[in-house]
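In what follows, every chain begins at residue 1, and chains take the letters A, B, ... in the order their sequences are listed.
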Number of protein chains: 2
Amino acid sequence: MTARYVGIAAELRDAIMRGEYAVGAQLPSEAELAIRFAASRGTVRQAVAVLATEGLVGSRQGARRIVLGRERSQSFAELHSFAQWARAMGHRVSGRMLEQRRRGASATEAARLALQPGEPVLSVLRLRSLEGEPVLLERTVYAGWIAPAVERIDPGCESVTQALYEGVGLVFAYGEHLIDAVAAGVEDSRLLAVRRGSPLLRQRRVTTTHEGRPVEWSDDRYRAGSVTFSIRNSVDANPLVRQVGDLRSAP
Amino acid sequence: MTARYVGIAAELRDAIMRGEYAVGAQLPSEAELAIRFAASRGTVRQAVAVLATEGLVGSRQGARRIVLGRERSQSFAELHSFAQWARAMGHRVSGRMLEQRRRGASATEAARLALQPGEPVLSVLRLRSLEGEPVLLERTVYAGWIAPAVERIDPGCESVTQALYEGVGLVFAYGEHLIDAVAAGVEDSRLLAVRRGSPLLRQRRVTTTHEGRPVEWSDDRYRAGSVTFSIRNSVDANPLVRQVGDLRSAP
DNA sequence: GAGTGGTCTAGACCACGAA
DNA sequence: TCGTGGTCTAGACCACTCT
């Protein structure tokens, strides 16, 4: 059973995307919407809050809500999975595991994964392609407790996230991402088929379970021009944060 | 007067950052918090929702909320202003306007700013520094209707956002950001003092008013290593979206 | 089965924007 | 001044987790 406010949000979203409410135009008031959908004002507010986080509408106290855009800012249930994202977008995705070995955690890795330095981790190198072109090099370190499940995954498996969910019920629930640009190193340039020193988009991330237990710490490098990150924000809600310098030494 | 739920969120946030609730530990139930703060359950839920969007706590139906982290994911009232961000972080910031001229909008610019191609725009080139080091090159195109106000700004002004607010009451309310990596071009390398072709973090953005009216379209390039973007997300709320290829041709 | 968060209701008052 | 969204209350039922 889907929630009432989700359905209302969907109807309003469709109306906006059909152009029934033009960009820049006003949405009906909460009171009007409550009558139209035969719901309480609270439920209507939940619905428009969904549209607000999608960046479709904006609001100010005292004035009616405004339509800000028509493009659906696709909200992914798949938080981190490159494969699931690419498939949802209709791209042909492939990938292979190039290297996999157990070792002790470095100081940085231990800090990121809430382990002690030297505790066992599983280090994995994966190359992923879009439409047959290599676009992403993943250097992932998994906490020791999940290593056995990772090792059981087929090396040619498209979606590690999905495999871990189906295999052991693991859900990647929360993530923190650090995004910057780096020059391609020797290994990067060989595997991604770019020149040494050419620009790469780097995304470092920690992923945790619902309980906040860190699962993986990864350094993902995208070939320039292959992928763009997109973010919408407002004066009220701003998920994007700038930080100075690199964060290798942060706790 | 600050809202009740904001105060409750602040108290809980402080308790988390003091370590009163350890990372991985449970928060009290909504019912307990409602009693403790003498507030209704709805208000308590608003408070913990704040912490959830800050990435400090997570939740699942049926289970108590979990503390996910202790670092404050600083939420900036200043959405776009490099200067205001840098000052808030305690950095020494400076900048200068290098070039400024009126011209007609290109097809891309017109689409981004909701104008007709050829309509007048103001093109501005700015170089910004942190601790005296050049780190950011901004190529901004302002819609014609705001151009006079931009031209009145002092060339050495630190914060354009602030100047436009104080000058004509303009608020940069919403933004969409496209983040990728590019190689430094001739002008980039000269002004940022990096080698030609070296990696830059590029942030393209459209900024609009509360009414959804586009104000500026900017191509900002950060020297690699100078700035990192940080984002937190969860399976439920995912502000980050990947897109393939570049978006110069998108409407 | 008990406890918890997710949803929903029907009211109320207030701060703010627009006319 | 009036309409609007922002906040808050006090209830209710349900879906889910945990033990």
Starting at CD1 of I35(B) and ending at C1' of dT4(C), how long is that distance when rounded to a whole Å?
-> 14 Å

Integer-rounded Å distance: dG3(D) C1' and Q26(A) CD | 11 Å

Within residues 37-45 of chain A, those residues having any heavy atom closer than 4.0 Å to DNA chain D are R41(A), R45(A)

In whole angstrom, give the distance that lies between atom CG of L27(A) and atom P of dG17(C).
-> 19 Å

Side chain of R4(B) (C-beta onward), nearest among dT4(C), dT7(C), dC8(D) | dC8(D)

Between V171(A) and Y165(A), is any pair of side-chain heavy atoms under 4.5 Å apart?
-> yes

Is the closest side-chain heavy-atom distance between Q100(B) and E151(B) below 4.5 Å?
-> yes

Can you tell me how far P of dT7(D) sits from CD1 of I8(B), to the nearest Å?
-> 13 Å

Whole angstrom is fine here: how far is it from CD in Q46(B) over to P in dT7(D)?
-> 6 Å

In whole Å, what is the span from the CG atom of L33(B) to the C1' atom of dT4(C)?
-> 12 Å

Please state whether the phosphate of dC18(D), meaning OP1 or OP2, lies under 4.0 angstrom from any side-chain nitrogen or oxygen of R64(B).
-> no

Within less than 4.0 Å of OP1 or OP2 of dG6(D), is there a side-chain N or O belonging to S59(A)?
-> yes

Between A63(B) and G62(A), the residue closer to the 5' end of DNA chain C by nearest nucleotide is A63(B)

Quick one: Q61(B) CD to dG5(C) P, roughly how many Å, whole number?
-> 11 Å

dT17(D) P sits how many Å from R65(B) CZ, rounded?
-> 15 Å

Taking only the side-chain heavy atoms of Y5(A) (C-beta and beyond), determine which of dG5(C), dT7(C), dC8(D) contains the nearest atom.
-> dT7(C)

Okay, side chain of R128(B), backbone of E158(B): is any donor-acceptor separation there less than 3.5 Å?
-> yes

Candidate list E30(A), E32(A), Q26(A), test side-chain hydrogen bond (donor to acceptor under 3.5 Å, both in side chains), partner R64(A), passing option | E32(A)

Return yes if a side-chain donor-acceptor contact under 3.5 Å exists between E216(A) and T207(A), otherwise no.
-> yes

Cation-pi geometry met for R213(B) and W145(B) (6.0 Å, 45°) = yes

Checking dC8(C), dG17(C), dG5(C) against the side chain of S29(B) (C-beta onward), the nearest is dG5(C)

Give a yes or no on whether the backbone of S159(B) and the side-chain of Q162(B) come within a donor-acceptor separation of less than 3.5 Å.
-> no

